[in-house]
Amino acid sequence: MDLRTQGLPVGGVASPRVLVAGKTVGYRVRDLATGEERPLCSVEPPGIPFRRFFFSPEGLASANAALARAVRTAEVIVADEVGPLELIGGGFTPGIRAALGSPAFLVFTVRPSLVDEVRAWASVAAPAIALDSPPGQPRGPDATRALFDRIAADHDRWTDGAGPLAGSRASLARAAALVRPQPGERLLDIGIGTGAFAAQVAQAGTEVWGVDPSPRMLARCRAAHPDYHLREGHFLQLPVPDAAFDIVVSSFAFHHLSPVEYDDAFREIGRVLSPGGQFLLLDIMFASEADREAARAALGELWDDEETYPLVPTVERAARQAGACDVVAHRVSELHWVVTGTKPRGRDQRTGGRPWAAGVVGGILPV
Ligand SMILES: C[S@@+](CC[C@H](N)C(=O)[O-])C[C@H]1O[C@@H](n2cnc3c(N)ncnc32)[C@H](O)[C@@H]1O
């Protein structure tokens, strides 16, 4: 809603994100009364370092000036993204302190994990309205495909960086040690990307298939692994035949689904697995909602609200619901878990696939 169109004088600041290749590289500050914008912070210096950003003194000064002016002129004052910097007395603090003393209607946007702290800091018992349902709203298939098409060339440099993917290379290696294809077996990797995980799982003689929605990720995979059978597609509609695979794996792709899609994704995995075949899903996951919220608070700006990092019990339940048996979760790093399971051979023999190599890797914690 544009409050100005409701006839209310609005002041204060919004903080639009600056995106490069789908990644947040900074924020700008917009004076809501004038529409003027300036840089607020950037991942690159110069500026005042705080967490992963460098803040522009001019940007902060103009934000505080906009807030101070709003105290004199506006009936509604907005401060967007009140957070860790304000909690230590920096950022928009002077402007917000002035606004708190005014009779105007105040609107602060705050990340869900910081709402209580910001309330205490501001000494207000204001109501909170959730604008986003935690743990975030996925981008959706079109935006996800566009994102990976844009970053395909740089993907392998970024995936081990800071944030929820930190340490993903080590996690790929630990997860790959959990599954050992036999000679001649057929492996499907969903969300294969550039092929980093499939290449670690595959043994000599493994026939590797890969599905991914991003044509550019597939092009890079094809260039690196010309022998792989690659198809454009996604978790919910795998363009491969029924019961064709001995092993289905996926790494760091499941979190692009929305939780309401988990059951359908596991039904598709069950469809394409042969009886006795096994799946392995590696991703950013959490044992509980409390763990997920703690990680979100600890990672701050590095958390991506457009991705839904699932809860381990939710993934296990979806797998069992789709008919999988021997479903087991293994923690492979602080934020990364693997869920494995088997497609039953038949009504009378629930299992019968090869045993998972669980426990062979030091540091893997069966749950
Ligand atoms: C972070 S990359 C991981 C790539 C690779 N598995 C790895 O570990 O290096 C995520 C991949 O998932 C793919 N992806 C996104 N949404 C997907 C979906 N709904 N179904 C299958 N793959 C998806 C992306 O295109 C991208 O290639």
Side-chain angles (χ1 to χ4, degrees), residues 21-23 136-176 178-179 187-202 208-225 228 230-240 245 247-269 271-272 279-285 302 304 306-310 315 318 332-333 335-338:
K23 295 279 166 194
Q137 294 291 343
R139 287 180 185 89
D142 292 344
T144 301
R145 186 188 318 106
L147 167 65
F148 282 97
D149 274 348
R150 271 199 308 276
I151 68 171
D154 294 316
H155 176 269
D156 292 354
R157 270 196 291 129
W158 279 348
T159 43
D160 211 31
L165 279 173
S168 56
R169 282 198 198 125
S171 296
L172 288 180
R174 287 177 165 193
L178 286 167
V179 53
L187 165 83
L188 172 66
D189 184 339
I190 308 173
I192 189 168
T194 58
F197 191 44
Q200 293 203 44
V201 174
V208 178
W209 290 55
V211 166
D212 200 286
S214 158
R216 294 218 177 132
M217 293 293 275
L218 287 175
R220 296 193 79 83
C221 189
R222 199 168 285 118
H225 306 284
Y228 288 6
L230 301 175
R231 303 272 183 281
E232 212 174 297
H234 57 83
F235 264 110
L236 305 185
Q237 211 171 358
L238 297 169
V240 294
F245 296 93
I247 298 171
V248 172
V249 299
S250 183
S251 59
F252 301 111
F254 198 77
H255 67 257
H256 294 296
L257 295 176
S258 136
V260 296
E261 296 172 322
Y262 296 169
D263 288 352
D264 287 343
F266 274 108
R267 264 194 292 277
E268 264 301 81
I269 291 172
R271 177 182 71 76
V272 305
F279 71 82
L280 180 156
L281 195 71
L282 164 65
D283 215 324
I284 301 148
M285 295 191 217
L302 297 174
D304 188 339
E306 289 178 305
E307 297 180 345
T308 305
Y309 307 128
V315 176
V332 291
S333 80
L335 304 183
H336 303 159
W337 291 71
V338 169

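In each ligand, atom 1 is the first atom listed, and ligand 1 is the first ligand listed.
- Counting the atoms of ligand 1 from 1 in the order shown, those under 4.0 Å from a heavy atom of His234 are 18 (C), 19 (N), 20 (N), 21 (C).
- Relative to atom 19 (N) of ligand 1, the option among Asp283, Leu257, Ile151 with the closest non-hydrogen atom is Leu257.
- Numbered from 1 in the order shown, with element, the atoms of ligand 1 that lie under 4.0 Å from a heavy atom of Gly193 read 4 (C), 27 (O).
- Near Ser214, meaning under 4.0 Å from one of its heavy atoms, ligand 1 places the atoms 25 (O).
- Taking distance alone, with nitrogen or oxygen atoms compared against 3.5 Å, Phe235 approaches ligand 1 more closely than that limit.
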Q) Under the ring-ring contact (aromatic ring centres under 6.0 Å, His included) criterion, do Phe252 and Phe197 qualify, and how do the steps go? A) CA-CA 10 Å; Phe252 301 111; Phe197 191 44; 8.2 Å; no
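- Interface of Thr144 with ligand 1, defined as ligand atoms under 4.0 Å from a residue heavy atom, comprises 15 (C), 16 (N).
- Distances from atom 1 (C) of ligand 1 to the heavy atoms of Gln237, Arg169, His155, Arg220 show the closest one on His155.
- The two residues Asp212 and Gly193 come nearest to each other via the heavy atoms OD2-N, 2.9 Å.
- Looking at ligand 1, you won't find any N or O of Thr194 less than 3.5 Å from one of its N or O atoms.
- Rounding to the nearest 0.5 Å gives a distance of 7.0 Å between NE2 of His225 and CD1 of Ile192.
- Qualifying side chain to side chain donor-acceptor pair (under 3.5 Å) partners for Ser251, counting only residues two or more places apart in sequence or in other chains: none.
- Not a single N or O atom of Phe197, backbone or side chain, sits closer than 3.5 Å to an N or O atom of ligand 1.
- When all heavy atoms of Ala318 and Asp263 are compared, the pair lying nearest together is CB-OD1, 3.3 Å.
- Atom 22 (N) of ligand 1 has its nearest heavy-atom neighbour, among Gly140, Gly233, Pro213, in Pro213.
- Residue contact check: Ala196 has heavy atoms under 4.0 Å from atoms 9 (O) of ligand 1.
- Atom CZ of Arg216 is surrounded by 12 or fewer heavy atoms from other residues, nucleotides or ligands within 6.0 Å.
- Contact annotation for Met217 and ligand 1: only side-chain heavy atoms (C-beta onward) come within less than 4.0 Å of the ligand.
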Q) What's the verdict on ring-ring contact (aromatic ring centres under 6.0 Å, His included) for Phe245 and Phe279, showing C-alpha distance, side-chain angles and the deciding distance? A) CA-CA 10 Å; Phe245 296 93; Phe279 71 82; over 10 Å; no
Check residues 230-240 and write down every donor-acceptor pair under 3.5 Å in which the side-chain atom is one partner and the other belongs to a residue at least two apart or another chain.
from: His234; atom 1: ND1; to: Leu236; atom 2: N; distance (Å): 3.2

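- Those atoms of ligand 1 with a heavy atom of Ala253 less than 4.0 angstrom away are 12 (O).
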Q | Pair Val315-Trp337, side chain to side chain contact (heavy atoms under 4.5 Å, CB included): steps then yes or no | A | CA-CA 11 Å; Val315 176; Trp337 291 71; over 6 Å; no
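- Residue Ser251 has at least one N or O atom closer than 3.5 Å to an N or O atom of ligand 1.
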